[in-house]
Amino acid sequence: MYLVREVVNCRPGKVRPMVEKFRMLSGAIEELGEKPFRLLTDLSGESFWTVVLEAEVERVEDFIAYERKLMEDPAVRESMAGHHDLILGGRREIYRIEQ
């Protein structure tokens, strides 16, 4: 089992719009019968205005497949339009769950 974390550093004042976009993604993945994403926002992180999306998957390839499937959906693409205007940067972290 793996934990995939998308760590996004938002522009000041843009955390809430990014959270709403991620909530929509979580709902879309749930509609596909998969476990919804977990969303977190920072309280005192190294970088302010951070949003984290977490997904647990059996295989890393599963996450990549979910991404592709979601981005093929016109409603998802429309909802995510402009999300780059909300962020300054970010990274993906992938962990093997040991216990």
Side-chain angles (χ1 to χ4, degrees):
M1 180 74 78
Y2 295 89
L3 174 69
V4 180
R5 300 176 81 219
E6 299 284 329
V7 181
V8 177
N9 303 108
C10 297
R11 294 182 184 283
K14 300 301 181 184
V15 167
R16 195 55 38 203
M18 194 72 236
V19 166
E20 292 308 315
K21 288 184 180 297
F22 279 164
R23 278 190 180 147
M24 183 279 313
L25 280 180
S26 186
I29 199 74
E30 196 169 17
E31 286 177 14
L32 293 174
E34 302 299 333
K35 185 176 176 181
F37 299 133
R38 185 172 163 182
L39 296 173
L40 304 101
T41 54
D42 79 287
L43 294 178
S44 62
E46 179 182 319
S47 178
F48 292 116
W49 307 295
T50 299
V51 178
V52 178
L53 177 145
E54 290 186 340
E56 287 186 21
V57 293
E58 287 294 324
R59 301 174 316 129
V60 174
E61 295 82 5
D62 294 342
F63 184 81
I64 305 301
Y66 299 155
E67 274 188 322
R68 279 197 194 110
K69 195 175 240 184
L70 286 172
M71 290 305 123
E72 289 172 359
D73 183 325
V76 170
R77 279 200 317 267
E78 183 178 329
S79 288
M80 289 303 290
H83 79 279
H84 288 110
D85 297 334
L86 305 176
I87 62 175
L88 293 171
R91 67 185 182 278
R92 177 175 289 165
E93 301 171 349
I94 302 174
Y95 300 96
R96 180 179 305 129
I97 299 173
E98 299 288 350
Q99 185 176 22

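A quick note: this is a predicted structure, and the numbers were derived from the prediction, not measured.
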Exercise for the section: State the OG1-CD1 distance between Thr50 and Ile87, to the nearest 0.5 angstrom. Expected result: 11.5 Å

Exercise for the section: Please report the shortest heavy-atom distance between Cys10 and Val51, naming the atom on each side. Expected result: SG-CG2, 3.8 Å

Exercise for the section: Under 4.5 Å between side-chain heavy atoms, chaining through other members, with only Ile, Leu, Val, Met, Phe, Trp and Tyr counted: pull out the rest of the cluster around Leu3, sorted by chain and number. Expected result: Met1, Tyr95, Ile97

Exercise for the section: Treating Ile, Leu, Val, Met, Phe, Trp and Tyr as nodes and any side-chain heavy-atom pair under 4.5 angstrom as an edge, say whether Leu39 and Val8 lie in one connected cluster. Expected result: yes

Exercise for the section: Could you tell me whether Glu67 and Arg92 have a side-chain N and a carboxylate O separated by less than 4.0 Å? Expected result: yes

Completion exercise
Nearest heavy-atom contact between Gly13 and Pro17 is O-CD, 4.1 Å

Practice task
Would you confirm whether Asp42, through its side chain, and Trp49, through its main-chain N or O, come within 3.5 Å as a donor-acceptor pair?
Solution key: yes

Handout entry: Heavy-atom neighbours of Glu78 CD exceed 12 at 6.0 Å
Key = no

Practice task
Only counting residues at least two apart or in another chain, list the ones meeting side chain to side chain contact (heavy atoms under 4.5 Å, CB included) with Leu88.
Solution key: Arg11

Problem - Value rounded to 0.5 Å, distance of OG1 in Thr41 from CE in Met18 - result: 13.0 Å

Fill in the blank from the handout: By side chain to side chain contact (heavy atoms under 4.5 Å, CB included), Asp73 pairs with (sequence neighbours left out) Ala75, Val76

Handout entry: Verify same cluster id: Leu40, Phe22 (apolar side-chain graph, 4.5 Å)
Key = no

Practice task
Give, for atom CE of Met24 and atom NE2 of His83, the distance between the pair rounded to the nearest 0.5 Å.
Solution key: 10.0 Å

Problem - Residues Glu20, Arg23; criterion salt bridge (charged side-chain N to carboxylate O under 4.0 Å, His left out); working and verdict - result: CA-CA 5 Å; Glu20 292 308 315; Arg23 278 190 180 147; 2.8 Å; yes

Exercise for the section: Determine whether Tyr66 and Leu32 make a side-chain contact, defined as any pair of heavy atoms from C-beta on separated by less than 4.5 Å. Expected result: no

Exercise for the section: Would you mind reporting whether Lys21 and Leu86 have side-chain heavy atoms less than 4.5 Å apart? Expected result: yes

Problem - same_hphob_cluster(Tyr2, Ile29) at 4.5 Å side-chain heavy-atom cutoff - result: yes

Problem - Spatial distance of atom CG (Leu25) from atom CG (Leu70) [nearest 0.5 Å] - result: 6.0 Å

Practice task
To the nearest 0.5 angstrom, please state how far the CE atom of Met71 sits from the CZ atom of Arg77.
Solution key: 9.0 Å

Practice task
Side-chain contact test, heavy atoms from C-beta onward, threshold under 4.5 Å: evaluate it for Phe63 versus Ile94 and give yes or no.
Solution key: no

Practice task
First locate atom CD of Glu54, then atom CZ of Arg38, and finally report the distance between them rounded to the nearest 0.5 Å.
Solution key: 5.0 Å

Problem - Same apolar cluster (I L V M F W Y, side chains within < 4.5 Å links), Phe37/Val60 - result: yes

